[in-house]
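Atoms within each ligand, like the ligands themselves, are counted from 1 in listed order.
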Amino acid sequence: MSTPHLMNTYNRLPVTFAKGQGAILWDTEGKAYLDAITGVAVCGLGHAQPDIAHAICEQAQTLIHTSNIYGIAWQEKLADRLCGISGMEKVFFCNSGAEANEAAIKLARLYAHRKGIAEPRIVVMEASFHGRTLATLSATGNRKVQAGFEPLVGGFVRVPYGDLETLRQVGSHDRNIVAVLVEPVQGEGGVRVPPLSYLAGVREICTAHGWLMMVDEVQTGIGRTGQWFGFQHAGILPDVMSLAKGLGNGVPIGACLAAGAAAELFAPGNHGSTFGGNPLVCRVAHTVLEVIERDGLVARAAKLGTRIREGLVARLEGVRGVVEVRGLGLMIGVQLDRPCGELVKQALARGLLINVTADSVIRLLPALIMSDEQADQLVDILSGLVTDFLAAEVKA
Ligand SMILES: *Cc1c(COP(=O)(O)O)cnc(C)c1O
């Protein structure tokens, strides 16, 4: 089950999946698993979703790829729909989250140079994650992601996440700041949910200084948090937003959206992508949005998230070693007081797929289509697992 011909970029678990259906995956031995991670927030509609399968098949038999030097009808339809649900005005399509953030960073720099700022800086957050290209790993607030790849791309200033006071102070000293890049909820950083007033505060500071407010919704977007986009919980509109993960339900697509002045910055020759926004991926993403709307899955994500969080609180609150159960919609974290990476393997043995991030945070990113019964089963297996893990540690 392993080959010497893959670069050593992942510590892979000893399992290979052969097929999926909804929230269930089966491995090559035929064992079933409840999927509470969905390929890291990608397959929000679940596996082998029939509308998605149909869209892929029909489009593959019609037209997969032409080029952005021609008109692409599905790209225009998808852009219209994304702007309709977000309030943004223009879209650039790419193939991943990192690329979407690269486009955002390039927009901020163009914006600066138009204003005559030659050495622009973008404010980024501690414990953030924005991708693994050189600019996005430089923006990321995690030394493990950066180490070995210096020199980093310059032009980033880092402040603590959730801290408006420091952001204000930095703004009053540094005339070269042109933008803020922030996740509505930090995913890789440990499912950190800021106070509700935080994004509104960032918006206010950005507006006061004429900075672009850029939200990285690669993980939080497309219904996951119980709104179409995380920023909508705050009742504000950013200037720039990046999307990827859940947008394609597994086909690779990213998008950078902009409103106002930021929407008018790019001109032909400034940016591009060979694959970006081809007919296949755009039709699939358009279908993703249609299915979410048709089946009321944004509201479903909010309800299901509350059900899972309340279930976990009921079973785990007060258990020694459990610090907090938190989250927003279907981004759910269980913070323990100790490293718990080994829980991923133990969960696998019990037929459950989870993730651990920031060393001591169990992260759940279930599909928006998970049933109540599956959600209760998830709570059951996970709380049993955590209780056993903490009890064994005390004994040892
Ligand atoms: C996953 C993620 C990215 C990177 O996306 P890729 O598609 O892996 O490049 C960027 N930002 C956030 C918030 C993410 O969760």
Shortest protein contact, atom 6 (P) of ligand 1 (heavy atom only):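 Sorting protein heavy atoms by distance from atom 6 (P) of ligand 1 puts G97 N, 3.5 Å first.
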Ligand-residue contact atoms, ligand 1 with [X], heavy atoms, under 4.0 Å:
{"X": "A98", "result": "4 (C), 5 (O), 6 (P), 9 (O)"}
{"X": "N101", "result": "10 (C), 11 (N)"}
{"X": "S96", "result": "7 (O), 9 (O)"}
{"X": "Q219", "result": "15 (O)"}

If I apply the N/O under 3.5 Å rule, does [X] come out as touching ligand 1?
{"X": "K245", "value": "yes"}
{"X": "V218", "value": "no"}
{"X": "F129", "value": "yes"}
{"X": "D216", "value": "yes"}
{"X": "G131", "value": "no"}

Is any heavy atom of the protein nearer than 4.0 Å to atom 11 (N) of ligand 1? yes
Ignoring hydrogens and geometry, is there a side-chain-to-backbone donor-acceptor pair from [X] to [Y] under 3.5 Å?
{"X": "N68", "Y": "G276", "result": "yes"}
{"X": "E126", "Y": "R158", "result": "no"}
{"X": "N101", "Y": "T136", "result": "no"}
{"X": "K77", "Y": "R283", "result": "no"}
{"X": "N355", "Y": "V344", "result": "no"}

Which one holds for T136 and ligand 1: side chain close, backbone close, both close, or neither close, with close meaning a heavy atom under 4.0 Å? neither
Please work out, at 4.0 Å between heavy atoms, whether the side chain, the backbone, both, or neither of E183 comes within that distance of ligand 1. side chain
Would you compute the distance between atom CD of E99 and atom SG of C256 and round it to the nearest 0.5 angstrom? 11.5 Å
Might you point out which heavy atoms bring H65 and F275 nearest each other, and give the distance in Å? CE1-CA, 4.2 Å
Can you see which heavy atom on P160 is nearest to which on T166, and at what distance? CD-CG2, 3.8 Å
Could you tell me if the side chain of V361 sits less than 4.5 Å from the side chain of R326, heavy atoms only? yes
